[in-house]
Amino acid sequence: MDPRPPLHALCAELNVHTRFVDGLGREVEVAPETLVAICASLGAEVERESDAAGALETLRHTRENGPVVPPVILAWDGLLPQVQVRSIGAVQATLTLEGGGDVVIDALAGTLNHPFRLPLGLHRLAVDTAGRRDHATVISAPTRAWRSEGSAHRWGINAHLAALRSLRSRAVADLRDLERTCEWIAEAGGDLVAVLPLLPTFNDHPAEPSPYSPVSRLFWSELILDLGDRHRPAPDVARLDVSAADAEVRAALATMTPAGSTGDAELARYAAFRGAQARLGRNWRDWPNEARLGSLAPDHVDPDEASFHMTAQTLLRAQLSDLRRGLDERGIRLGLDLAVGAHPDGYDAWSRQALFAEGIAVGAPPDPGFPSGQDWGFSPIVPGLSRAEGHRYLLACIEHQASLAGVLRIDHVMAFSRLYWIPHGFDLDRGAYVSYPSHELFALLTLTSSRYRCDVVGENLGTVPRDIVEALPRHRVRGMYLAIFAVAGEDPRPPDRDEVAYVGSHDTPTFVGWLEGRDIDERVRTGLLDQERAPEERTAREEAIGRLIGITGGSVDDPDDLLDRVLAWLATSDSPLVLPWLEDLWLEPDQVNLPGTRSIDRPNWQRVMSQPLDELMSDPGVRRRLEALDRGRRRTESDERRQTRDATAGRRVPASETPETP
């Protein structure tokens, strides 16, 4: 008999955590109301705590009579493990390979066994037993992600593409500005320009410009199109206005011949969805029942809007392919982000409604930066339903980025292990964690990295579960190191060989903003931080700055010199890649985004660079910093080679390696 309360036993079956430690170090016992709401969103037949025993019995009965094999089977490095089939009768199993062809799998005594290596890919296993057929997805993936060869001490810059405006730019920067930036960094000695997600956003009123709340994770932003001879500059832009940028692209494409059918069913469906939103409204949950459930009739869709998106995506694919080819020839890589989720009103949530938990938001429990908790504004994927489809949607999201990226950064890589679910209507501190099949998700990542030859970085900042800590080195995924986070602790250390080094990121204050505590003031102003706690935060900040100065030298009174010292410290570290935020190079004071706030409350993602790209490239101070960063990286590389050579030269040669003499 299960000694646990029925509700807790039900949570264990559904991988819902009943307790956790929040970001403030407090052990939290999750309230029954929260557990009930989350279990219900996972498909359990429960409305109140007293329903848990019946729901648990129903769930166990369903699983006992369900498929005889697990929905996902991992074949690391192509080796299929032995799989026990739940059947007392004869078993037959056939594996249909992703690239074509069938393989008969031995099924003696109900155990599936295949002694030969499988090709990498997602394969389809069919198991016949006792008059029924069940299927499973076999993910054959390398244990370790692909990693580029060459220098172990590289550098680049990190930037928000929309802000990379030059004197030729429209309302926001485009792919030509990005290409120009890449050429500039390559000429300075760098080999990477990393940008925030290049995904489509809602650009009409109310505009939602956050690249981390996209309409879809399967398509590109039409705003970044290079409009060629239809391009018209927009000088003296006061803010990054996605609505104005959208109007510019529409005006240019209106004079072009619309793209015809590409044979891509996903693209056609996406274009029709955007056309339906133009006619029926953004919130698809308010659409007529037929359209809401995924079936669009011709009168649901604005044909001009659908044609616009079809044409824009077709052009984007061609331009991005040309960009990647050109960057490869120049030896510079593009860094892209895999966003954690997508906008709940967007295409992904509509086209794959069964995958997303209804009535739930993803966020984070209270921590020192956000003592009330966070709501990230999107719905989570239901783990069991993702497994049932072989994680094909998640794989498509990863492949979409990896097909273009030389380096792929996984935003909040802890999502591979768990996500914090908050039932709608509940306070942000009344959520609970739900576990995800991390081994399977890392298999998708290493498979895609190998296929598209891109390095992988996991954003492992904050509270990191043990399985993620262990998984990153096992799968050759680098972590992140933020200097301003490192010195917040009592005993800061430099970045190591498995960490990409940053000063800060798009979610932190700029370097000068951090020194001045501007983010503390903003968090108080926006209600993210209680006024009473602000002095404590400022004291902690002063201590962190003191620790940084203790490492690098310098003074807070000379932020220009202090930043030089910080960059030199990172440049001469063991980190394989140093990526300063571009705007730190000229001491930009204001951060591009304040997590926990919306774009209607604060101009997140809308601040223009204080210098256009043209001036930036010739700015003596910026040039000096890039030259120093390049020298530091090259010197570190040279020192390491010399140490390796000296160590090899001084090694005692064993007798077994001594050549025979006559």
Side-chain angles (χ1 to χ4, degrees), residues 74 76-77 120-122 139-158 190-199 211-212 217-218 324 327-328 332-341 391 393-417 436-462 464-465 467-482 495-502 505-506 574-579:
L74 295 182
W76 287 114
D77 300 312
L120 300 182
L122 260 67
I139 305 176
S140 177
T143 300
R144 303 204 300 171
W146 184 84
R147 184 165 288 181
S148 57
E149 299 177 353
S151 171
H153 298 87
R154 300 177 174 183
W155 68 272
I157 57 104
N158 202 14
D191 90 320
L192 178 70
V193 171
V195 294
L196 308 186
L198 305 180
L199 302 173
Y212 292 95
R217 292 195 286 173
L218 302 173
R324 172 66 191 258
L327 295 183
D328 287 346
I332 187 163
R333 301 175 294 169
L334 184 63
L336 293 180
D337 266 16
L338 177 69
V340 186
H391 301 303
Y393 165 68
L394 289 174
L395 177 63
C397 294
I398 298 171
E399 287 186 327
H400 181 62
Q401 304 296 321
S403 64
L404 179 63
V407 176
L408 178 62
R409 192 191 79 108
I410 311 302
D411 190 39
H412 194 71
V413 73
M414 290 78 80
F416 277 28
S417 172
Y436 285 75
S438 60
H439 294 297
E440 296 169 11
L441 302 187
F442 273 105
L444 299 179
L445 188 60
T446 60
L447 173 62
T448 308
S449 168
S450 174
R451 279 178 165 170
Y452 293 97
R453 298 170 63 84
C454 68
D455 288 272
V456 183
V457 178
E459 190 252 292
N460 57 337
L461 307 173
V464 185
D467 60 334
I468 294 295
V469 172
E470 296 170 349
L472 294 184
R474 180 170 64 248
H475 297 300
R476 200 158 62 177
V477 175
R478 291 188 170 111
M480 284 178 59
Y481 176 98
L482 264 63
D496 63 33
R497 295 176 185 272
D498 287 321
E499 294 174 317
V500 175
Y502 303 74
S505 78
H506 61 275
D574 289 335
S575 172
L577 180 62
V578 177
L579 280 179

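This one's a predicted model, so the numbers in the text were calculated from it and none came from an experiment.
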To the closest 0.5 Å, what do you measure between [atom1] ([X]) and [atom2] ([Y])?
{"X": "N158", "Y": "H506", "atom1": "CG", "atom2": "NE2", "answer": "8.0 Å"}
{"X": "L447", "Y": "I398", "atom1": "CG", "atom2": "CD1", "answer": "9.0 Å"}
{"X": "H439", "Y": "I139", "atom1": "NE2", "atom2": "CD1", "answer": "12.5 Å"}
{"X": "S148", "Y": "L192", "atom1": "OG", "atom2": "CG", "answer": "9.5 Å"}
{"X": "D496", "Y": "S575", "atom1": "CG", "atom2": "OG", "answer": "8.0 Å"}
{"X": "T143", "Y": "D77", "atom1": "OG1", "atom2": "CG", "answer": "3.5 Å"}

Please report the C-alpha distance between V457 and V477 in whole Å, then the side-chain angles of each, then the deciding distance to 0.1 Å, and finally whether the side-chain contact (heavy atoms from CB on, under 4.5 Å) criterion is met. CA-CA 6 Å; V457 178; V477 175; 5.8 Å; no
Side chain to side chain, [X] and [Y], heavy atoms closer than 4.5 Å:
{"X": "V500", "Y": "L579", "result": "yes"}
{"X": "L394", "Y": "R217", "result": "yes"}
{"X": "L408", "Y": "Y452", "result": "no"}
{"X": "L441", "Y": "H391", "result": "yes"}
{"X": "L482", "Y": "S505", "result": "yes"}
{"X": "R154", "Y": "P576", "result": "no"}
{"X": "R497", "Y": "R478", "result": "no"}
{"X": "E440", "Y": "L74", "result": "yes"}

Could you tell me which non-hydrogen atom of [X] sits nearest to which non-hydrogen atom of [Y], and how far apart they are?
{"X": "I332", "Y": "G190", "result": "CD1-O, 4.4 Å"}
{"X": "S403", "Y": "R324", "result": "O-NH1, 3.7 Å"}
{"X": "L338", "Y": "Q401", "result": "CD1-CG, 4.1 Å"}

Dump the intermediate steps for side-chain contact (heavy atoms from CB on, under 4.5 Å) on L472 and D498, then the final yes or no. CA-CA 9 Å; L472 294 184; D498 287 321; over 6 Å; no
Is [X] reaching over with its side chain to a backbone N or O of [Y], donor-acceptor style, under 3.5 angstrom?
{"X": "R453", "Y": "W146", "value": "no"}
{"X": "S449", "Y": "C454", "value": "yes"}
{"X": "S450", "Y": "T446", "value": "no"}
{"X": "E459", "Y": "D411", "value": "no"}
{"X": "E470", "Y": "D467", "value": "no"}
{"X": "T448", "Y": "L444", "value": "yes"}
{"X": "N460", "Y": "M480", "value": "yes"}

Taking only residues two or more places apart in sequence or in another chain, which ones pass salt bridge (Lys or Arg N to Asp or Glu O under 4.0 Å) with R476?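 With neighbours one apart ignored, the set is empty.
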Please tell me whether Y212 and D337 have a donor and an acceptor in their side chains that are separated by less than 3.5 angstrom.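 Yes - a donor-acceptor pair under 3.5 Å links their side chains.
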Aromatic ring proximity F442/F416, centre distance under 6.0 Å: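 Between F442 and F416, the centre distance is under 6.0 Å.
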Could you tell me whether R144 atom CZ has more than 12 heavy atoms of other residues or ligands within 6.0 Å of it?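 Not more than 12 within 6.0 Å, no.
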Carboxylate-amine/guanidinium proximity below 4.0 Å for D455 and R333: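 Judged by the 4.0 Å cut-off on N to carboxylate O distance, D455 and R333 do form a salt bridge.
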